[in-house]
Amino acid sequence: MTLTTAPRGTGGTTDPWARERSEVRSEALFPVPAVDLLGCAVHSAAGPGLAALGAALEAPSDGRAPGATDPADLPAAPGDVPYPPLDVRPAAGFDPAAVLGRKGLSRLTRTDLLGLATCTEALEAVGGLGGPDSLTDLDGSPAAGETGVVLGSALGSASAVAEFTRDTLVQERPYLVNPSAFPSTLMNSAASRAAIRHGLTGLNATVSGGPLASLHALRYARNALVRGHARQLLVGGVEELSPHGAWAWQRAGALAPGTALGEGCAVFVTRLSPGPAPDLAPGSAPEAGAAPLARLLACDIGSADPEAGPLGVARRLADCVRGALARSGVTPEDVAVAAVGAAGRRGWAAVEERGLRQAFGPGPEPFRLRVQPVLGETHSAGGALQLAAVLARWQGPSTGAERAAVITSVGHDGSVGCAVVVRPESA
Amino acid sequence: MSERSDRRIRRVAVTGLGAVSGLGLGAREFTAAIREGRGGIGPAGQFDTTGFDHTLAGEVTDFDPAALLERLDHRKWGRSGQFAAAAARMAVEDAGLTPGALAAGRTASCFGTTNGESQVLERLATQRVRQGVAHLDAALAGQADAGRIATAVNHELGLTGEALTLGTACAAGNYAVGYGFDLVSTGEADAVLCGGADASNRATHAGFHRLGALAADVPRPFDEHRDGIVTAEGGAALLLEPLESALARGARVYAEVLGYGMTCDARHMTNPHGPSIAECVRRAHRAAGVKPEEVDYICAHGTGTPANEAAEVAAVREAFGDTTPLPPISSVKSMIGHTMGAAAAFGALVCCAALHEGFLPPSATVRDVDPALGPGLDCVPGRAREARLSIAQNHGFAFGGNNAVAIFGRFDA
């Protein structure tokens with residue numbers, strides 16, 4: 001439910017440390033091993049699945065999601081917190097009971113439901129833990145202990161925290177809260193519940209970071225796979241739509257004109273690529289297993305010195321993009337698509353655009369893939385939904401020549417991030 | 001700077017410690033209090049305790065953000081972020097570094113939390129109840145994101161590396177130290193501020209209250225009559241850097257981070273599961289390249305609930321095997337209470353101090369060690385004991401079954 005405020009100007013404040021900082025940033029430019037994206041599940045205003053997302057992004061956009069929002073999709077609002085006068089876009093056709101069964105769902109938050117259902121579908125997309133390409137332990141059983149979950153989430157379920165805290169204020173005694181609601185107020189609830197449902201005893205992590213949360217998740221998961229903390233990870237980001245969160249956005253006036261407030265979740269099944277670090281040349285297919293949907297190369301995140309203002313944030317993003325491309329062995333000319341993260345936030349769209357132009361100029365500019373006109377602003381799920389949008393685009397017929405994409409975002413705290421994905425020749 | 005040599009795995013040193021705690025500000029003051037077995041529990045003052053049956057908490061009563069923070073405008077940041085930023089600044093100064101030097105290099109921050117900016121969320125909830133949701137303070141709502149905890153550190157120190165906030169509840173401090181260790185050892189970063197932070201708040205207190213998990217007075221980990229936790233707050237920070245560069249600049253090395261392991265119970269949201277914790281310990285040992293018999297001390301998760309210590313001690317026995325005697329195992333929560341997302345970071349800090357100074361931290365409040373926990377359990381009752389330690393093991397477990405164990409080693413120059 002965090003919001004953004006418009007970037008402030010440089011303001012003339014002096015930075016006491018500026019003189020000590022080198023002009024040119026030294027990035028860790030050593031190459032990164034590739035991570036395969038083997039399966040994907042997604043929910044958003046475009047509906048369930050990559051195909052629906054691809055179709056919605058293809059459709060000529062008049063600023064509205066395809067079809068009117070079905071009121072049945074809208075998460076319920078408590079009596080004293082009706083939705084504000086704001087265009088909201090719930091996950092269309094999201095039917096958690098169809099994925100999870102009805103049992104126990106009433107105890108789960110919207111964030112839990114989105115995260116749990118999407119993780120479940122992502123695992124099913126690769127045939128489950130026991131599928132044909134599944135990891136196995138030495139005894140041949142499915143390697144539940146080598147499979148984990150990494151989810152990005154701004155603060156878990158904002159509505160659950162809000163209702164729980166309200167109870168401490170209005171009940172006869174402040175501790176007369178609903179005890180079964182307590183675990184769901186924690187940020188790690190969705191990822192933990194996904195582990196419980198599927199018996200995933202490997203690494204289980206939840207990372208925050210507002211609009212950067214999904215990129216943080218991808219980066220954290222990359223490291224965990226490279227360092228051997230897990231062999232297979234369900235990685236993604238989740239954000240719920242709630243009247244509480246909607247009021248926070250409304251009060252801050254942080255959405256760009258014409259941008260709705262959305263929600264969603266995208267989860268990817270990831271493993272370290274079996275082959276050598278991929279390049280864009282033909283024949284770099286993995287040695288074994290199913291062809292990945294795409295490969296994640298570098299995912300780098302940084303933050304701009306707040307004293308440097310919006311221009312500093314743009315510069316930091318440009319550095320981050322250039323560094324991530326270099327580490328990925330991808331030239332700027334190779335990048336066909338830039339899926340942008342800040343397009344729905346007032347003031348920040350321009351900052352991100354400026355950073356991208358610095359990173360790619362004066363060469364050919366990658367196509368800007370903007371999910372926000374269709375999905376709305378999806379905050380901590382944004383990076384994952386942008387990545388899903390790239391995969392959806394690459395499943396379409398007319399993008400066969402596109403080999404690489406970047407997923408970027410900037411946050412109002414000056415954080416910036418860039419993930420590089422490539423389409424293997426075999427995919 | 002694309003040297004492949006950067007890809008070699010580097011040894012990682014802890015060269016700076018920072019603490020914002022109910023037992024004092026700064027690692028020196030905090031460690032001295034731990035050694036004496038002092039208590040930091042008192043009446044809760046961060047929220048209105050009217051109507052609660054349990055009203056004690058471990059709070060930072062003398063926290064003055066304006067005095068401790070140089071760059072961060074504390075009025076624009078939540079208390080958890082203020083804790084993290086203040087602890088990080090202390091760790092930098094403790095390491096003999098300047099923020100400018102860190103900012104000029106590739107420095108990241110990663111901090112763990114359970115409840116994020118809980119006081120911000122509490123104030124928003126109060127506005128909704130008292131004034132109505134249409135009157136939420138917009139600026140306050142902009143401070144609600146948990147991710148701002150690590151960002152606060154970057155802003156306070158002028159860092160431009162990644163700022164990661166981990167939301168793995170009460171194990172998050174170890175997750176953060178572990179991730180920082182990975183960043184430094186792989187060359188992704190040349191220095192990392194890592195730790196954890198959480199603020200005392202009404203919702204957390206009410207939640208544990210409702211679960212019947214709050215102690216009548218102080219937490220008594222390992223005691224036969226232990227009856228629960230005491231909610232607490234604070235921030236702890238460790239500065240990690242490559243051992244090689246620490247030695248090159250003549251830095252004091254508190255300890256080396258040797259490795260860490262993580263597992264998930266994948267069984268129940270609130271009950272700990274011993275076998276999964278045991279597997280976590282085994283993973284940490286494998287990653288760190290240590291054998292159970294080499295571990296000299298375990299800084300327990302040790303919350304003070306009957307269920308935690310039963311599962312934790314059973315897990316340690318399972319992981320260490322029948323033939324290895326249990327090393328001393330104690331809980332600093334006996335003194336500072338349960339600082340949630342900061343808890344494992346305080347544990348990590350204590351492990352480093354114990355390795356460096358040569359002592360076993362105490363379980364200060366234990367009266368009768370629970371015989372049900374089995375024979376040969378040395379939980380270091382009362383005060384710290386002098387002891388030369390080589391390897392210390394730090395536990396962090398969480399709701400949701402998120403487990404993380406980190407291993408630290410003494411470094412002799």
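Proteins come first, then strands; the chains are lettered A, B, ... in the order of their sequence lines, and each starts at number 1.
- Proximity to chain B is limited to the side chain of A/Val161, based on heavy atoms less than 4.5 angstrom apart.
- With a 4.5 angstrom heavy-atom cutoff, A/Pro78 touches chain B only via side-chain atoms.
- Heavy-atom pairs under 4.5 Å with chain A were tallied for B/Arg202, B/His273, B/His54; the largest tally goes to B/Arg202.
- For the atom pair A/Leu186 CG and B/Thr270 OG1, the distance stands at 10.5 Å (nearest 0.5 Å).
- Contact tally against chain A (heavy-atom pairs below 4.5 Å) for B/Gly400, B/Gly167, B/Gly178, B/Ala172: the top residue is B/Gly167.
- A donor-acceptor contact closer than 3.5 angstrom links the side chains of B/Asn403 and B/Ser276.
- With rounding to the nearest 0.5 angstrom, the CD atom of A/Glu163 is 9.5 Å from the OG atom of A/Ser157.
- For B/Thr113, the part lying under 4.5 angstrom from a heavy atom of chain A is the side chain only.
- Here the side chains of A/Val149 and A/Leu151 are in contact, with some heavy-atom distance below 4.5 Å.
- Applying salt bridge (charged side-chain N to carboxylate O under 4.0 Å, His left out) to B/Glu156 and the options B/Lys76, B/Arg71, B/Arg89 leaves one that passes, B/Arg89.
- The greatest number of non-hydrogen atom pairs below 4.5 Å with chain A, out of B/Asp53, B/Asn115, B/Thr204, is found for B/Asp53.
- Of the atoms belonging to A/Val170, it is side-chain heavy atoms, and not backbone ones, that fall under 4.5 Å from chain B.
- Using a distance-only test at 3.5 Å, with no hydrogens or angles considered, no donor-acceptor pair links the side chain of A/Arg219 to the main chain of A/Cys418.
- If you measure heavy-atom distances from B/Phe47 to chain A, you find no contacts under 4.5 Å at all.
- With respect to chain A, the highest number of heavy-atom pairs below 4.5 Å among B/Cys110, B/Ala134, B/Ala125 belongs to B/Ala134.
- Expressed to the nearest 0.5 Å, how far CZ of A/Arg107 lies from OG of A/Ser189 amounts to 11.0 Å.
- Among the candidates B/Phe399, B/Phe52, B/Phe208, the residue making the largest number of heavy-atom pairs closer than 4.5 Å to chain A is B/Phe52.
- For chain A, the nearby parts of B/Leu164 are the backbone and the side chain; heavy atoms of each come within less than 4.5 Å.
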I would like to know whether B/Asp145 and A/Ser208 meet side chain to side chain donor-acceptor pair (under 3.5 Å); could you show each step before the answer? CA-CA 8 Å; B/Asp145 201 303; A/Ser208 184; 3.2 Å; yes
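- Side-chain atoms of B/Ser185 and A/Arg227 include a donor-acceptor pair closer than 3.5 Å.
- For A/Pro179, the parts lying under 4.5 angstrom from a heavy atom of chain B are both the backbone and the side chain.
- Of the atoms belonging to A/Leu169, heavy atoms from both backbone and side chain fall under 4.5 Å from chain B.
- Chosen from B/Asp265, B/Asp182, B/Thr263, B/Leu166, the residue pairing most often with chain A at heavy-atom distances under 4.5 Å is B/Asp182.
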